[in-house]
Amino acid sequence: MSTDEETSDKLWLKSSHVGLVRYAPTGRYYARFKSGGKLVWRSLKTETLSVAVLRLGDLKKAERTLVQRGNRLTGGRFTLPDAAKLHMETVESNRELKPRTKAYYREVLKRLVASWPGWETTLAGAVTKADCRAWAMRMNGCSPSVFNHAVGLLRHILQVAVENGACYENPARSVEKASIRKKELTLPEPDQFARFVTAIEAGGSGWSKPCADLVRFLAYGGFRKGEAAHITWADVDFEGERIRVAGDPETGTKNGEVRWVPMIGEMTQLLSRLRSEQPAAGDGARVMQVRECQKAMNRAAVAVGMRRITHHDLRHLFATRCIESGVDIPTVSRWLGHKDGGALAMRVYGHLRDSHSVQMAKRVTFAGPLADVVPIGLHVA
């Protein structure tokens, strides 16, 4: 054996794992294996064996995927399902996305596949702008929101084909997304809301009272329905007059952050009553006894003659009442769990109901002290 070979053997040390070697001077692990007839030699960027083994497995899997993809491209068989599979693998591996969001993307993909004739055998490189526009026409029956998500998904799928050389350009970019009309919020006035809650409580069911309490809880705290379902008595800080909102134990809140919402007067009264009614409930017990009550809300709306509202509308009602009471929008935004400094809240709640607008207009006057002010440059005889 030559001196160079002896030196090389001392520098590169084999491990008990196939395809894994360690560089002696630094202790760093490297992957060294063949994939598709070529030698893959890459640093795993770690000196820890257990981490190196995991990264080696991921790298081998990625290389196998590349080989399979290359085989499909070489044979001219890179289809829309191939591209969709690669994109959805990226979606499923994204730890920033919540399970509910991933499930929604899967539902959108099902709708996309169902509305595209011959999807399973369509070659990605054969898709034209005309094909995409024809597909868009078939999607006319769905809501603007669903349509836009489907367009976005199709663009992502065809972009995968572009990045892998199956397409020269992304034909789905020729499809314009639909404009979404801003939802007009029609919320109950204070006296109407009181009658609405009373009607729910008088529903005659054994769950009528808990349903009414849930409506009050959502309206007084601005919580999302899913957030309210996971609030326990340990989250209620009576001394500090605030409520901790952490969301689902596994996925957290929508933005992934814990927030505190102050208790308004009605909320304090509600929780004090509920606590006195549940003296044996431990700190881990959930404050609300029901998770949803839409049917009870629908019946009550008819009974009092008001427009149907949803659980999420109660969140809108909380924000609107806060703003009309003088709370600034950035503060309300923090209470709602928004992270944009109030931009979304400004778009959604930058309105005032007619009754409040009329009251504000009554504060505007040109009489009084202003009448005595003489503009500069004018001479009063």
Side-chain angles (χ1 to χ4, degrees), residues 180-201 211-225 227-228 231 236-237 240-245 253-255 259-273 288 293-294 297-298 300-301 303-368 370:
I180 298 179
R181 297 175 62 182
K182 183 179 178 181
K183 179 182 177 181
E184 180 181 355
L185 296 178
T186 304
L187 303 172
E189 297 291 339
D191 60 334
Q192 194 175 39
F193 177 74
R195 288 187 285 111
F196 174 65
V197 176
T198 299
I200 295 175
E201 199 163 33
C211 284
D213 287 336
L214 175 60
V215 170
R216 295 185 180 101
F217 193 57
L218 294 173
Y220 298 161
F223 315 120
R224 298 180 179 89
K225 182 177 67 172
E227 294 173 341
I231 294 177
V236 179
D237 180 6
E241 298 183 313
R242 59 181 188 167
I243 300 171
R244 180 177 179 269
V245 183
T253 59
K254 186 174 182 179
N255 65 16
R259 71 181 188 276
W260 289 90
V261 177
M263 294 163 57
I264 64 173
E266 287 89 343
M267 179 66 87
T268 301
Q269 294 173 13
L270 171 66
L271 294 180
S272 296
R273 172 174 64 78
M288 291 292 103
C293 57
Q294 190 60 60
M297 292 169 64
N298 293 345
V304 301
M306 60 176 267
R307 179 178 293 188
R308 174 185 180 274
I309 61 174
T310 65
H311 298 89
H312 203 73
D313 286 328
L314 297 172
R315 177 172 162 87
H316 293 317
L317 181 61
F318 169 78
T320 301
R321 290 283 175 82
C322 288
I323 293 171
E324 290 180 354
S325 299
V327 183
D328 61 271
I329 287 183
T331 297
V332 175
S333 178
R334 289 195 299 273
W335 293 350
L336 293 173
H338 295 172
K339 296 179 66 176
D340 57 6
L344 176 60
M346 181 64 76
R347 290 197 301 272
V348 178
Y349 308 112
H351 71 288
L352 294 174
R353 288 199 301 265
D354 291 342
S355 60
H356 181 73
S357 181
V358 170
Q359 292 300 318
M360 293 300 99
K362 289 180 180 179
R363 298 184 180 185
V364 181
T365 178
F366 282 81
L370 290 177

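Along the sequence shown, residues carry numbers from 1. The structure presented is a predicted model; accordingly, all values stated were derived computationally and were not measured.
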To the nearest 0.5 Å, what is the distance between NE2 on His316 and OG1 on Thr310? 6.5 Å

Is any side-chain heavy atom of Phe196 closer than 4.5 Å to a side-chain heavy atom of Met297? yes

Test applied, side chain to side chain contact (heavy atoms under 4.5 Å, CB included); reference residue, Trp260; option that passes from Val245, Asp237, Ile243: Asp237

Verify, without hydrogens or angle tests, whether Arg307 (side chain) and Leu187 (backbone) share a donor-acceptor contact under 3.5 angstrom. no

Glu266 atom CD, neighbour heavy-atom count above 12 within 6.0 Å: yes

For Arg242 against Met263, the heavy-atom pair lying closest together: N-SD, 3.4 Å

pair Arg321-Phe193: side-chain heavy atoms closer than 4.5 Å: yes

With a 4.5 Å limit on heavy-atom distance, are the side chains of Arg308 and Gln294 in contact? yes

Rounded to the nearest 0.5 Å, what separates atom NE2 in His312 from atom NZ in Lys225? 11.0 Å

When rounded to the nearest 0.5 Å, the distance separating CZ of Phe223 from CG of Leu314 is 12.0 Å

To the nearest 0.5 angstrom, please state how far the CZ atom of Arg315 sits from the CG atom of Leu336. 4.5 Å

Those residues at least two apart in sequence (or on a different chain) that pass side chain to side chain donor-acceptor pair (under 3.5 Å) with Arg216 are Glu201, Asp213

Minimum heavy-atom distance between Ile200 and Ala212, given as atom pair plus value: CG2-N, 3.6 Å

Could you tell me which non-hydrogen atom of Leu271 sits nearest to which non-hydrogen atom of Phe217, and how far apart they are? CD2-CE1, 3.9 Å

Under 3.5 Å: donor-acceptor pair, side chain of Thr198, backbone of Ala194: yes

From Thr320 OG1 over to Asp313 CG, what is the distance, rounded to the nearest 0.5 angstrom? 9.5 Å

Write down the atom of Trp335, the atom of Val261, and the distance for their closest heavy-atom approach. O-CG2, 3.4 Å

Give me each pair satisfying salt bridge (Lys or Arg N to Asp or Glu O under 4.0 Å) with a member in residues 328-338, each pair once, sequence neighbours excluded. none

Please round to the nearest 0.5 Å and tell me the distance separating atom CG of Leu218 and atom CE of Met288. 8.0 Å

Does the side chain of Cys293 reach to within under 4.5 Å of the side chain of His311, using non-hydrogen atoms? yes

